[in-house]
J.: 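A single structure is presented below for examination.
On a predicted model such as this, the values are computed, not experimentally measured, just so you know. Residue numbers run from 1 in the order of the sequence given. Atoms within a ligand are numbered from 1 in the order they appear, just like the ligands themselves.
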Amino acid sequence: ARPVVRRHDLMGLSVVVSAGGTREPIDPVRFIGNRSSGKQGVALAVAAAERGADVILIAAHVDAEVLADALAHPAVRIERAGTTDDLADAVQTAAVSADVVVMAAAVADYRVAGISDRKITKDSAESTTRTLELVENVDILAALCRQRRPGQLIVGFAAETPAEGESLAERARRKVLRKDADLLAANEVGWTQGFEADENALVIVDRAGDVVAEPHGTKREVAEAVWDAVLSIHTP
Ligand code: CTP
Ligand code: CA
């Protein structure tokens, strides 16, 4: 891999990056989660710090080993979040003084309607199927975009499984318009693609839905491309 040598071109910027995946409890021993490792979010945080930014990394269930580079960097402050509601609180608070917010976390869209205080047992089942009632969570990214201050930039991520004949760019375009984010970076995922990997390939679209970059490489390399795209639209 090429050595990463960048100017301190994010000096003076306060950035917030969310990483990992939120989990929604079902009972004291179970949860609904997702396969996000947090590697891409941590790479974004460390890349920003090395380019001179002050970084708050809000980590949802990121393994210590994945967090190591961020823990070691003096310009990265780490906060932890468990559920989507926790993450929403942490991001909203941090966003107040942020120039850029990057929502790289995989956010649980739903939480469990009646969390059980006791472990759910099979005895309580009426048949061999059972139903878990879910309630929609807040859309953190959409809320950030609605509350955006002048000059503040909001960046979304999307892990997509495009249908046959549908492009990743088209899905990214629809999503950026729906959320009203300044940039959205989409990557393709599948049973054997995307998660835990050390490499990534992104399609980055701007607020109008136009493709501005299609970086691929290590998660650190594509992180650099995301910050390049942020800088290209940032007006101090
Ligand atoms: N996101 C968020 N809050 C949510 C759900 C998603 O902030 N409740 C953010 C993610 O962090 C990501 C972006 O929104 O930056 C896109 O997430 P995605 O799951 O692709 O979008 P959804 O609107 O949830 O659409 P889908 O139905 O495809 O899951
Ligand atoms: Ca979602």
J.: Tell me if a side-chain donor or acceptor on Lys219 pairs with a main-chain N or O of Ala197 at a distance below 3.5 Å.
T.: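 Such a contact is found between Lys219 side chain and Ala197 backbone.
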J.: Give yes if a backbone or side-chain nitrogen or oxygen of Val107 is under 3.5 Å from a nitrogen or oxygen of ligand 1, and no if not.
T.: no
J.: I'd like to check which ligand 1 atoms, numbered from 1 as shown, lie under 4.0 Å from a non-hydrogen atom of Gly156.
T.: 15 (O)
J.: For Lys175, take its heavy atoms, then give the atoms of ligand 1 lying under 4.0 Å from any of them.
T.: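 Answer for ligand 1: 18 (P), 20 (O), 21 (O), 25 (O), 26 (P), 28 (O).
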J.: Mind checking whether Leu141 has an N or O less than 3.5 Å away from an N or O of ligand 1?
T.: yes
J.: Using a strict cut-off of 4.0 Å, indicate which atoms of ligand 1 neighbour a heavy atom of Ala158.
T.: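 Atoms satisfying the 4.0 Å criterion: 20 (O).
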J.: Under the rule for salt bridge (charged side-chain N to carboxylate O under 4.0 Å, His left out), what residues qualify as partners of Arg148, not counting sequence neighbours?
T.: Asp180, Asp182
J.: Just to check, does Lys179 reach to within less than 4.0 Å of ligand 1 when the distance is taken from its heavy atoms?
T.: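 Per 4.0 Å heavy-atom rule, Lys179 contacts ligand 1.
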J.: Between Asp109 and ligand 1, which residue portion shows a heavy-atom distance shorter than 4.0 Å: side chain, backbone, both, or neither?
T.: side chain
J.: If you measure from the Lys or Arg side-chain nitrogens to the Asp or Glu carboxylate oxygens, is any gap between Glu224 and Arg51 under 4.0 Å?
T.: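 Yes, Glu224 and Arg51 are salt-bridged.
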J.: Less than 3.5 Å apart, any donor N or O on the side chain of Thr161 or Glu188 sitting next to an acceptor on the other?
T.: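 There is no such pair (donor and acceptor under 3.5 Å, judged by atom type) between the side chains of Thr161 and Glu188.
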J.: Checking a contact table here: which protein heavy atom is nearest atom 15 (O) of ligand 1, and how many Å away?
T.: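 Checking every protein heavy atom, the shortest distance to atom 15 (O) of ligand 1 gives Met103 O, 2.7 Å.
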J.: Which of the atoms in ligand 1, numbered in the order shown and given with their element, are less than 4.0 Å from a heavy-atom of Arg178?
T.: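 Under 4.0 Å from Arg178, ligand 1 has these atoms: 23 (O), 25 (O).
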J.: Between Arg77 and Glu79 (salt bridge meaning N to carboxylate O under 4.0 Å), is one present in this structure?
T.: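 Glu79 and Arg77: salt-bridged.
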J.: Hey, are Thr22 and Thr83 close enough side-chain-wise for a donor-acceptor pair under 3.5 Å?
T.: no
J.: Distance to 0.1 Å, residue and atom name: give those for the protein heavy atom nearest to atom 3 (N) of ligand 1.
T.: Ile140 N, 3.0 Å
J.: Between Lys39 and Asp198, is there a salt bridge with N-O shorter than 4.0 Å?
T.: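 The answer is yes: the pair qualifies as a salt bridge.
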J.: With a 4.0 Å heavy-atom cut-off (strictly under), which part of Leu144 contacts ligand 1: side chain, backbone, both or neither?
T.: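 Under 4.0 Å from ligand 1, Leu144 contributes no heavy atoms.
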J.: Please list, in number order, the atoms of ligand 1 under 4.0 Å from a heavy atom of Val138.
T.: 3 (N), 4 (C), 8 (N)
J.: Thinking salt bridges, do Arg174 and Glu166 make one under a 4.0 Å N-O criterion?
T.: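 Looking at Arg174 and Glu166, the cut-off is met.
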J.: Please list the nearest protein heavy atom to atom 11 (O) of ligand 1 with its residue and the distance rounded to 0.1 Å.
T.: Ala105 O, 2.8 Å
J.: Does the distance from a Lys or Arg side-chain N to an Asp or Glu carboxylate O, for Asp139 and Lys179, drop under 4.0 Å?
T.: yes
J.: Distance to 0.1 Å, residue and atom name: give those for the protein heavy atom nearest to atom 17 (O) of ligand 1.
T.: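 Ranked first by proximity to atom 17 (O) of ligand 1 is Phe157 O, 3.7 Å.
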